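Right, one structure below, let's go through it.
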Amino acid sequence: MARFFDLNPEQQAAVKCTEGPLLVLAGAGTGKTRVITMRIAYLLHNGAKPENILAVTFTNKAANEMRARVAQLVEKVEAKKITICTFHALCVRILRQDIERLGYKSNFAIYDEGDQLGLIRKIIARISAKNEKLDPNLAKNLISRAKNAHWKIKEPEGESSLPAAVFHRYQEELKTANAVDFDDLLILTVNLFENHPDVAQKWQTRFRYIMVDEFQDTNGLQLELVRYLGGNHHNVCVVGDDDQSIYGWRGAEVANILEFEHHFPNPEVVKLEQNYRSTGSILGAANSIIRHNPRRRPKSLWSQNGEGEKVTVMEVPDDHEEANYVISEIQKRQQIGGLNWSRFAVIFRMNAQSRLLEENLRRLRIPYRIIGGRSFFERREVKDVLAYLSCLANPSDDLNLLRIINTPARGIGSSTIELAVAESNQHKTSIYETLRSPVFQEFLSSRTKTAVEKFAELLDRYETELLQPLANLSAIVDKLLVEIDYTGELRKSCKTQEEALNREENIRELVRTLGDFQGRSTEGLTGFLAEVTLDQDREEKSEGDHDGVTLITFHAAKGLEFPHVFLVGIEEGVLPHDRSKVDGHLDEERRLFYVGITRAMESLTITHCSSRMKYGSASPCHPSIFLKDLDPVCVEIVSYHVIANQPASEGTARTHFAKMRELLG
DNA sequence: CGGTCTATAATTTTT
DNA sequence: TTATAGACCG
């Protein structure tokens, strides 16, 4: 345990507290992950069995990182037996074992938000009257909110309103498709524990020691889950920072961390306030902002890193000038310091703000990477192939079956499909079963009948093949794609050959991923599909490791750090965003600002515009009200005109040339 | 059915 | 400004 003594006293206290509830309030950059991983090592050192340890995170990225760091601290064999995963992955594991008690089959499919939306759209189209309109996205949010508010899965009150009817129907169709959505994973697990105490007990005994990361982001159901899992032994350690709760709009309850004592009485409470990331000026600025929030656990970050340079705040004329200034400032600093581009990040409230920044970066040929954006798994061809796989893994999956039933075209037209849908609704059977039923086939012309039979036979044949114990999944999928001539379909549907080749490559990539999966897991096709929907942003690993300036939203920046950070567009209407004020969610916007500030290690520059292009026309902007709260001691307000009209100062130029010489010689 | 046109709206997005 | 959904027409 050599490294235990590298921890500061508070961190040590958190690590050593292994029995009973423990709340670790870990401010930004205070070594949170270090404490969790060290605590796991400490538990093992003190005789805990690795299989009894559970660490839950929110993202796969966090889980992977934690796994890697634990692996450095403990024996490999032991590390493998520790459960480190996301809430959702944990629920999948639990449900695969016992979901049959709730009337689902264990090969259930998981619908991501795209699938969800598709299903909702389908339902709205079918059941709404002509004069009724319902935005599918709105319906999706309503459904999610309803589920999280513990409506549970039962008849909603009255069928009169359209949203209620859609909700009801949605849940019904999910169940016949043997599918669950992200919310269901949590709800069903809680239901399972509630109604089947033996199952609850099995897992309570299994996980003697529980750790939850980013606890401020848990929602009601996740708390409920933790309460069940820790219900007997109360060895529950939660780590988080209420000041960094920025996902309230997605259902996260800050109250969970603010009222932790309420759920797990008499916890040990440890505050981590020593920051190892930022300079004093940056922390001073951060403290002065967050202090103004009501309803929080008071904390004050400090560090031994010295004051450092002051935080720069600058007003710029407009968003064009802002982007231009920020990017040239980055270029200047990069040259002077001979730094990697990856040491710089520009953080903004809305993705739309990245455009001007990108333009400037491209103009100056500076490499950059944007975090976020279209996922690999949202591309049409990838979804098509995944739809085939979903149908083979779970033939009741109507939504995915409809996606591929005539892709590529095989003579099953819309009237036939409509008939099949109506028929399956009437008999409450899946479309797959309907297609195979002789009664249904009697309705069809002989030509269509042949097409339907052939399609059903295709699915049957590949399903059987994939179920063989030693089946080589990726080889079989390759064979299937050749048989249906999906490549031919791509060539036909793409405008340019380049696009077709690109899409073909995407499919090869997907099949490769499947092969990789089979190489390291025994969970087969169902497991692969679950992993793919629960971990959608893997592509970054392949492309995203080059040096470049990071462009990122405040939300996505949580948990990251950069030596030099620029916060842009810190104006009323942007941060805080206009849409957040009406709801009275100002606190969360302030936390967002706080999160942005605390990403910076060495330097922080904040800009706001006097005018900004909004929806095509220039509109005047006022500095964010948050800027008033910045402690003047930490801040230097810089005039844009002085900077913009000033040629490089002699001092700067000299350093510059010195650096150049150094680089050359 | 698919392509083009027009009206409308406009955060953030861990799984 | 720009993206997207629905309408509309060949």
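Order of the sequence lines fixes the chain letters, A, B, ..., with proteins taken first and strands second; residue numbering starts at 1 for each chain. This one's a predicted model, so the numbers in the text were calculated from it and none came from an experiment. All values below were derived from every heavy atom in this structure, side-chain atoms included, with hydrogens, water molecules and symmetry-related copies excluded.
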**Request:** Using a cut-off of strictly less than 4.0 Å, decide whether N60(A) has a side-chain nitrogen or oxygen near OP1 or OP2 of dT15(B).
**Result:**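 Indeed, a polar side-chain atom of N60(A) lies that close.
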
**Message:** Is the phosphate of dT14(B) approached by T57(A) (side-chain N or O, under 4.0 Å from OP1 or OP2)?
**Reply:** no

**Request:** Using the P atoms only, state how far dT12(B) lies from dA5(C), rounded to an integer number of Å.
**Result:**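 Rounded to whole Å, the distance is 16 Å.
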
**Prompt:** Distance between the P atoms of dT4(C) and dT13(B), in whole angstroms?
**Reply:** 16 Å

**Request:** Output every pair passing salt bridge (Lys or Arg N to Asp or Glu O under 4.0 Å) with a member in residues 605-619 of chain A, not counting sequence neighbours, ordered by first then second residue.
**Result:** E322(A)-R612(A), E571(A)-R612(A)

**Message:** Whether R96(A) engages the ring of F108(A) as a cation-pi pair (distance to the six-membered ring centre under 6.0 angstrom, angle to the ring normal within 45°) should be assessed.
**Reply:**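 Output yes; distance and angle both within limits.
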
**Prompt:** Using the ring of each side chain (for Trp, its six-membered ring), is H88(A) parallel, tilted or perpendicular to F182(A), with breaks at 30° and 60°?
**Reply:** perpendicular

What is the separation between atom [atom1] on [X] and atom [atom2] on [N], rounded to the nearest whole Å?
X       : N       : atom1 : atom2 : value
I347(A) : dT13(B) : CD1   : P     : 12 Å
L560(A) : dT12(B) : CG    : P     : 17 Å
I570(A) : dT12(B) : CD1   : C1'   : 14 Å
R250(A) : dT14(B) : CZ    : P     : 7 Å
Q244(A) : dT12(B) : CD    : C1'   : 16 Å
Q116(A) : dT15(B) : CD    : P     : 15 Å
L221(A) : dT15(B) : CG    : C1'   : 13 Å
E359(A) : dT2(C)  : CD    : C1'   : 13 Å

So which protein N/O to nucleotides 8-11 of chain B N/O distances come out below 3.5 Å?
unit_1  : atom_1 : unit_2  : atom_2 : d
dT11(B) : O4'    : H577(A) : NE2    : 3.3
dT11(B) : O2     : R349(A) : NH1    : 3.0
dT11(B) : O2     : R349(A) : NH2    : 2.4

**Item:** Main-chain N/O of D241(A) paired to Q216(A) side chain as donor or acceptor, under 3.5 Å
**Value:**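 Pair found, side chain donor or acceptor close to backbone of D241(A).
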
**Prompt:** With a 4.0 Å cut-off, would you call E359(A) and R355(A) a salt bridge?
**Reply:** yes

**Prompt:** Counting any heavy atom closer than 4.0 Å, what does E113(A) reach on the DNA or RNA strands: base, sugar-phosphate only, or nothing?
**Reply:**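 The residue E113(A) makes base contact.
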
**Partner residues of D516(A) under the side chain to side chain contact (heavy atoms under 4.5 Å, CB included) criterion, sequence neighbours left out** =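 For D516(A), no residue satisfies side chain to side chain contact (heavy atoms under 4.5 Å, CB included) once neighbours in sequence are set aside.
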
**Prompt:** Nearest to the side chain of R355(A), which nucleotide is it out of dT13(B), dT1(C), dT15(B)?
**Reply:**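 The answer is dT1(C).
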
**Prompt:** What is the distance from atom CZ of F344(A) to atom CD1 of I327(A), rounded to the nearest 0.5 Å?
**Reply:**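 Reported value, rounded in 0.5 Å steps: 10.5 Å.
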
**Prompt:** With centres under 5.5 Å and planes under 30°, do Y247(A) and dT12(B) count as stacked?
**Reply:**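 By the stated criterion, Y247(A) and dT12(B) do not stack.
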
